Undergrad: 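Before I ask anything, let me first share the structure, which is written out below as structure tokens.
For clarity, every value in this text was computed on a predicted model and none was experimentally measured.
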Amino acid sequence: MKFTPLISLLTFLFCINNYSQTISIPKTNEKITIDGDLTDWKTPFLGPFVIHNTAQKAAQQTFVSLSWNNENLYIAYNCTDSKIIGTPQKKDSEIFYTDDLAEIFLDPDGDGRNYIEIGVNAFSTHYDLLLKCISPECGGWKTTMAFDIAGLESVSKINKEGYSVEIKIPFSSLEKIENGGFSKPKTGTKWKGNTFRIDYGNTTEYLALQPYKSSKFGFHQPKEFAVFEFVE
């Protein structure tokens with residue numbers, strides 16, 4: 001991604017809000033092409049990401065931007081990476097164990113049941129995972145890769161600074177998740193969620209836009225997810 005002076009200024013201004021409990025997702029009228037090229041991305045970026053359970057500074061910077069329209073949620077990541085780890089793989093490969101990647105978790109009601117995880121590596125390999133339960137209260141760890149978000153698009157692009165990722169998630173597909181609370185959002189709707197990055201480069205780091213106070217379930221802390229508010 002090429003940061004123009006305007007984008008750099010907006011990034012700086014929004015960095016101060018990356019620990020906010022509520023993160024605004026602005027609505028867009030722009031046509032967004034999912035191609036991994038962020039030079040035409042209009043929504044400001046948030047970040048940088050920090051170590052997920054300590055809030056300490058990361059070795060390499062990560063920024064994320066979210067926007068929406070009546071049909072889709074859009075996410076873009078800009079990842080500085082001097083040593084990209086990973087390969088092109090088939091869909092739903094467990095790349096979170098091996099590859100640098102960007103992730104988003106969405107759990108509208110924050111109850112830790114029937115929420116989604118999407119991850120994309122630097123080579124456009126992605127997975128979509130349904131987490132039915134993560135705690136003993138609902139029966140213990142239960143997840144499935146036998147789950148597909150119809151119409152999901154994700155493309156990554158390697159550049160001289162690292163790599164960028166774009167994701168499009170159709171709301172119509174999320175509405176089909178039983179007991180997930182994924183009703184189609186409108187202005188003012190609030191969902192729980194968080195955005196992440198795993199960096200297996202020179203040193204392994206697990207990064208988040210909003211860090212956690214605890215580390216019991218790693219990235220999976222629905223009760224400590226940020227609040228994503230859909231705004232105009």
Side-chain angles (χ1 to χ4, degrees), residues 1-12 14-15 18 25-26 28-49 58-69 71-106 116-129 148-170 193-202 204-209:
M1 175 186 178
K2 297 178 180 178
F3 273 104
T4 64
L6 175 59
I7 292 177
S8 297
L9 174 60
L10 291 171
T11 298
F12 171 77
F14 275 79
C15 281
N18 79 317
I25 304 179
T28 180
N29 294 318
E30 300 285 337
K31 181 180 179 181
I32 298 178
T33 301
I34 305 301
D35 58 6
D37 185 349
L38 306 185
T39 56
D40 58 350
W41 194 271
K42 299 296 193 297
T43 308
F45 280 74
L46 308 173
F49 286 23
Q60 302 191 105
Q61 291 193 329
T62 311
F63 295 90
V64 68
S65 179
L66 301 98
S67 62
W68 69 293
N69 58 24
E71 289 77 38
N72 305 300
L73 174 63
Y74 299 95
I75 310 102
Y77 300 82
N78 181 51
C79 304
T80 301
D81 201 325
S82 61
K83 184 180 180 182
I84 295 175
I85 304 296
T87 59
Q89 300 183 49
K90 66 180 182 179
K91 181 185 179 298
D92 287 340
S93 296
E94 294 183 343
I95 54 176
F96 38 79
Y97 291 128
T98 58
D99 291 14
D100 293 342
L101 78 164
E103 296 180 320
I104 184 167
F105 293 9
L106 293 171
I116 63 168
E117 172 184 343
I118 297 168
V120 186
N121 73 5
F123 301 89
S124 298
T125 297
H126 83 269
Y127 67 87
D128 44 3
L129 175 66
D148 289 302
I149 300 173
L152 184 148
E153 296 180 28
S154 61
V155 177
S156 304
K157 187 173 183 179
I158 294 174
N159 54 58
K160 63 181 181 180
E161 291 89 13
Y163 66 97
S164 55
V165 177
E166 286 184 305
I167 304 172
K168 181 183 83 173
I169 306 172
N194 208 350
T195 55
F196 305 95
R197 176 186 175 187
I198 301 177
D199 184 6
Y200 289 114
N202 298 312
T204 298
E205 291 188 333
Y206 298 89
L207 312 176
L209 176 61

Undergrad: For Glu166, check side chain to side chain donor-acceptor pair (under 3.5 Å) against everything at least two apart and list the hits.
TA: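 Per chain and number, Glu166 pairs via side chain to side chain donor-acceptor pair (under 3.5 Å) with no residue.
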Undergrad: Quick one: side chain to side chain donor-acceptor pair (under 3.5 Å) partners of Glu153, sequence neighbours excluded?
TA: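 Only Lys168 meet the side chain to side chain donor-acceptor pair (under 3.5 Å) criterion with Glu153.
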Undergrad: Just verifying a value: how many Å separate Thr28 OG1 and Lys42 NZ, rounded to the nearest 0.5 Å?
TA: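 Reported value, rounded in 0.5 Å steps: 8.0 Å.
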Undergrad: Say you draw a straight line from CD1 of Ile167 to CD1 of Ile34; how long is it, rounded to the nearest 0.5 Å?
TA: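 Those atoms lie 8.5 Å apart.
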Undergrad: To the nearest 0.5 Å, what is the distance between OG (Ser164) and CZ (Phe63)?
TA: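 Nearest 0.5 Å value for the OG-CZ distance: 14.0 Å.
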Undergrad: Quick one: list whatever passes side chain to side chain donor-acceptor pair (under 3.5 Å) with Asp35, sequence neighbours left out.
TA: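 Side chain to side chain donor-acceptor pair (under 3.5 Å) list for Asp35, sorted by chain: empty.
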Undergrad: Hey, is Asp81 close enough to Arg197 for a salt bridge, meaning N to O under 4.0 Å?
TA: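 A salt bridge links Asp81 with Arg197.
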Undergrad: State, with a plain yes or no, whether a side-chain heavy atom of Tyr74 is found less than 4.5 Å away from one of Leu66.
TA: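 Tyr74 vs Leu66: side chains apart.
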Undergrad: Hydrogens and angles aside, do Asp99 and Gln89 bring a side-chain donor and acceptor to less than 3.5 Å of each other?
TA: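 Indeed, the side chains of Asp99 and Gln89 share at least one donor-acceptor pair under 3.5 Å.
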Undergrad: Of the non-hydrogen atoms in Ser65 and Pro44, which two are nearest, and what is the gap between them?
TA: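 Closest approach of Ser65 to Pro44: OG-O, 3.1 Å.
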Undergrad: What closest approach, in Å, do Ser156 and Ala122 show between heavy atoms, and which atom pair accounts for it?
TA: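 That closest heavy-atom pairing would be CB-O, 3.4 Å.
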Undergrad: Atom OG1 in Thr195, atom CG in Leu46: separation rounded to 0.5 Å?
TA: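 The distance works out to 7.5 Å.
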Undergrad: Looking only at atom types and distance, does a side-chain atom of Glu205 sit under 3.5 Å from a main-chain N or O of Ala59, one as donor and one as acceptor?
TA: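 Yes; judged by distance alone, with no hydrogens or angles, the pair exists.
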Undergrad: Between Tyr77 (side chain) and Glu103 (backbone), is there a donor-acceptor pair under 3.5 Å?
TA: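 Answer holds: yes.
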Undergrad: How close do Ala76 and Phe45 get, heavy atom to heavy atom, and via which atoms?
TA: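 That closest heavy-atom pairing would be O-CE2, 3.8 Å.
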Undergrad: Would you confirm whether Trp68, through its side chain, and Ile25, through its main-chain N or O, come within 3.5 Å as a donor-acceptor pair?
TA: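 Pair found, side chain donor or acceptor close to backbone of Ile25.
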Undergrad: Does any non-hydrogen side-chain atom of Leu209 lie less than 4.5 Å from one of Phe196?
TA: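 When only atoms from C-beta onward are counted, Leu209 and Phe196 do not touch, as no gap falls below 4.5 Å.
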Undergrad: Keeping the roles fixed (side chain from Asp37, backbone from Thr39), state whether a donor-acceptor pair exists under 3.5 Å.
TA: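 Side chain of Asp37 to backbone of Thr39: a pair is present.
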Undergrad: Nearest 0.5 angstrom please: Ile198 CD1 to Tyr206 OH, how far?
TA: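 Reported value, rounded in 0.5 Å steps: 6.0 Å.
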Undergrad: Within the side chain of Asp128, is there an N or O that forms a donor-acceptor pair under 3.5 Å with the backbone of Ile149?
TA: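 Confirmed, Asp128 side chain pairs with Ile149 backbone.
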Undergrad: Counting distance only, does the side-chain N/O of Asn121 pair as donor-acceptor with the main-chain N or O of Thr87 below 3.5 Å?
TA: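 At least one qualifying donor-acceptor pair exists.
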Undergrad: Indicate the atoms forming the closest heavy-atom contact of Leu73 with Ser67, along with that distance.
TA: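 What the structure gives for the nearest pair is CD1-O, 3.5 Å.
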Undergrad: State the CG-CG distance between Asn159 and Leu38, to the nearest 0.5 angstrom.
TA: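 Taking CG in Asn159 and CG in Leu38, the distance rounds to 8.0 Å.
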Undergrad: Determine whether a donor-acceptor pair (N or O, by modelled atom type, separation under 3.5 Å) exists between the side chain of Thr62 and the backbone of Pro48.
TA: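 Answer holds: no.
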Undergrad: Do Thr125 and Leu101 touch side chain to side chain, with heavy atoms closer than 4.5 Å?
TA: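 No, side chains not in contact.
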Undergrad: Got Val165 and Val155 here, is their nearest side-chain heavy-atom distance under 4.5 Å?
TA: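 A side-chain contact is absent here, since even the closest heavy-atom pair is not under 4.5 Å.
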Undergrad: Does either side chain, that of Ser82 or that of Gln60, offer a donor lying less than 3.5 Å from an acceptor on the other one?
TA: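 Yes, Gln60 and Ser82 have a side-chain donor paired with an acceptor closer than 3.5 Å.
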Undergrad: Would you mind checking if Asp100 and Lys83 are paired as a salt bridge, meaning a charged N to carboxylate O distance below 4.0 Å?
TA: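 No, no charged N to carboxylate O under 4.0 Å.
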Undergrad: Between Tyr200 and Ile85, which heavy-atom pair has the shortest distance, and what is it?
TA: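 Taking every non-hydrogen atom into account, O-CG1, 3.3 Å.
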